[in-house]
Amino acid sequence: MASSRGNKTVLLSAIQADAKVKPVSGWEVFPRKSDSLNNTVELLDSETINDSRIKTPGAPISANAEGDVECEFIKGTYDNYMAAAAGNAWEVGAPEVGQDTLTFGGDVITMFALAKAHKDILQYHYWAGNRVNTMSLDIPEGGYASLTFGFMGSGYENALTDYAPDAAPVPVSPKATSLNVTDIKIDGVTTKGSACATAFSFELTNNIERQNCLGAGLYGDDLTEMMADMTGSLTLKYGQKAQSILNKQMKATPISIEVTIAFDDNSGDTYTLKLPKCQIAGDIPSGGNELLEASLTYTVVADTPADAPTIIRTAA
């Protein structure tokens, strides 16, 4: 009996206008490190008492088609998923400027059909109407920068034939590592030479809720984005500069954070994440026979639309 291998399992994606209509074109390979895409069914226990101490059969009451996809940060490959997470389209800049802007916290809905092909055992899975509920960017002290997208779908099925036989390949390089972070600025001032940032993360949760309307079936009738939460962490070498940043939490004074990632393909292309207003929390580091670091957590806040986080995509 054949057993499926992970390196023969391919994830595929296509933008979907109607969750009830399977895309017949537009499929692309979705490069990833790992995924937890699944279909889980909630079984409702029966409380009917029969002439036995054994339970009578239960019934399915709802199902969830969802999961995370973890990726190494590859230039240009995940821009559509970032836009779906942000709830906006990329605003294309003038060609002479070469900058496109993505603003977070919008109301533009983008859905994806997702398919997984176990080609070695001819087993295929399909998730319909997926929205990006969560997105995280993680830049460790040493290693690949990673993007993780959490999807919520509105349907699932499986078959013995491929849902996306003509999927197009996508680039799998160049990739970004911690060495591709050219600068991290706080309040517009570089941390290089003063606070020395060693790790950074950003997490977005759209808090999508599902409405289980009567007659809508296992997967409910509608998905709705609620208030977005944006949080993260930043690790700094401990010194006077780091302490001055820690002091801002005593009056809830916001800071701005700006992170720029460049690529090693001699293109000069960059992505810059700008968080104009963040409230922070953090502890004074304890002593010990080690270099001391200040670990901050932050929450993105906004008083006006201009405070919304953005990603600036620059093509040199």
Side-chain angles (χ1 to χ4, degrees), residues 73 75 82 85-86 88 90-94 96-106 135-141 145 147 176-204 228-263 267-285 292-316:
F73 197 134
K75 185 180 79 171
M82 286 191 273
N88 269 316
W90 287 90
E91 182 180 342
V92 179
E96 63 271 16
V97 177
Q99 288 188 341
D100 305 330
T101 302
L102 178 64
T103 303
F104 285 83
M135 184 191 96
S136 66
L137 166 65
D138 184 66
I139 304 173
E141 184 172 348
L147 285 166
T177 72
S178 52
L179 293 179
N180 294 100
V181 178
T182 59
D183 202 0
I184 293 183
K185 295 179 181 179
I186 296 179
D187 291 334
V189 179
T190 182
T191 57
K192 292 189 292 186
S194 57
C196 180
T198 60
F200 172 82
S201 72
F202 170 75
E203 298 179 3
L204 161 69
D229 294 323
M230 297 178 226
T231 60
S233 63
L234 176 63
T235 303
L236 302 172
K237 177 184 71 175
Y238 185 65
Q240 291 184 0
K241 179 62 176 179
Q243 183 59 51
S244 70
I245 296 168
L246 283 171
N247 289 342
K248 293 180 180 290
Q249 66 186 314
M250 292 187 283
K251 293 185 178 180
T253 303
I255 65 171
S256 67
I257 302 173
E258 181 178 314
V259 181
T260 299
I261 297 174
F263 292 89
S267 67
D269 294 352
T270 63
Y271 286 77
T272 300
L273 173 64
K274 294 186 176 184
L275 309 175
K277 191 170 286 188
C278 304
Q279 291 182 312
I280 66 164
D283 298 323
I284 299 171
L292 298 185
E293 294 181 327
S295 296
L296 312 178
T297 59
Y298 65 84
T299 299
V300 174
V301 295
D303 294 316
T304 68
D307 296 329
T310 58
I311 296 178
I312 308 297
R313 180 179 63 190
T314 302

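By convention here, the first residue in the shown sequence is residue 1.
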Provide the closest heavy-atom pair for [X] versus [Y] in the form atom of the first, atom of the second, distance.
X: L204; Y: A85; value: CD2-O, 3.2 Å
X: Q279; Y: A252; value: NE2-O, 3.3 Å
X: G188; Y: S256; value: N-OG, 3.8 Å
X: P309; Y: P276; value: CA-CD, 3.9 Å
X: I184; Y: A197; value: CD1-CB, 3.7 Å
X: G106; Y: N88; value: CA-ND2, 3.5 Å

Which distance, rounded to the nearest 0.5 Å, do you find between the [atom1] of [X] and the [atom2] of [Y]?
X: K274; Y: T103; atom1: NZ; atom2: OG1; result: 11.0 Å
X: I245; Y: T253; atom1: CD1; atom2: OG1; result: 12.5 Å
X: I261; Y: L179; atom1: CD1; atom2: CG; result: 12.0 Å
X: L275; Y: E258; atom1: CG; atom2: CD; result: 9.5 Å
X: D269; Y: K75; atom1: CG; atom2: NZ; result: 4.0 Å

Any sub-3.5 Å donor-acceptor pair from [X]'s side-chain atoms to [Y]'s backbone N or O?
X: E91; Y: T101; result: no
X: T310; Y: I312; result: no
X: Q249; Y: G282; result: yes

| task | Could you give me the CA-CA distance, side-chain angles and deciding distance for T190 and D183, then say whether side chain to side chain donor-acceptor pair (under 3.5 Å) is met? | result | CA-CA 7 Å; T190 182; D183 202 0; 2.6 Å; yes
Using side-chain heavy atoms (C-beta onward) and a distance below 4.5 Å, is [X] in contact with [Y]?
X: I311; Y: W90; result: yes
X: L273; Y: Y271; result: no
X: F200; Y: V181; result: no
X: K248; Y: D187; result: yes
X: T182; Y: T270; result: no

| said: I'd like to know whether Y298 forms a side-chain contact (heavy atoms from CB on, under 4.5 Å) with I255, so could you lay out the CA-CA distance, the side-chain angles of the two residues, the decisive distance to 0.1 Å, and finally the verdict. | reply: CA-CA 9 Å; Y298 65 84; I255 65 171; 5.9 Å; no
Between side-chain atoms of residues 230-241 and protein atoms elsewhere (two or more places apart, or another chain), which donor-acceptor pairs fall under 3.5 Å?
| unit_1 | atom_1 | unit_2 | atom_2 | d |
| --- | --- | --- | --- | --- |
| S233 | OG | S201 | OG | 2.7 |
| Y238 | OH | Q243 | OE1 | 2.7 |

| request: Could you tell me whether the side chains of T260 and T272 share a donor-acceptor contact shorter than 3.5 Å? | output: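 Yes, a side-chain donor-acceptor pair sits under 3.5 Å.
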| field | Sequence-distant partners of A302, side chain to side chain contact (heavy atoms under 4.5 Å, CB included), two or more places apart | value |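 For A302 the side chain to side chain contact (heavy atoms under 4.5 Å, CB included) partners, ignoring immediate neighbours, are D307.
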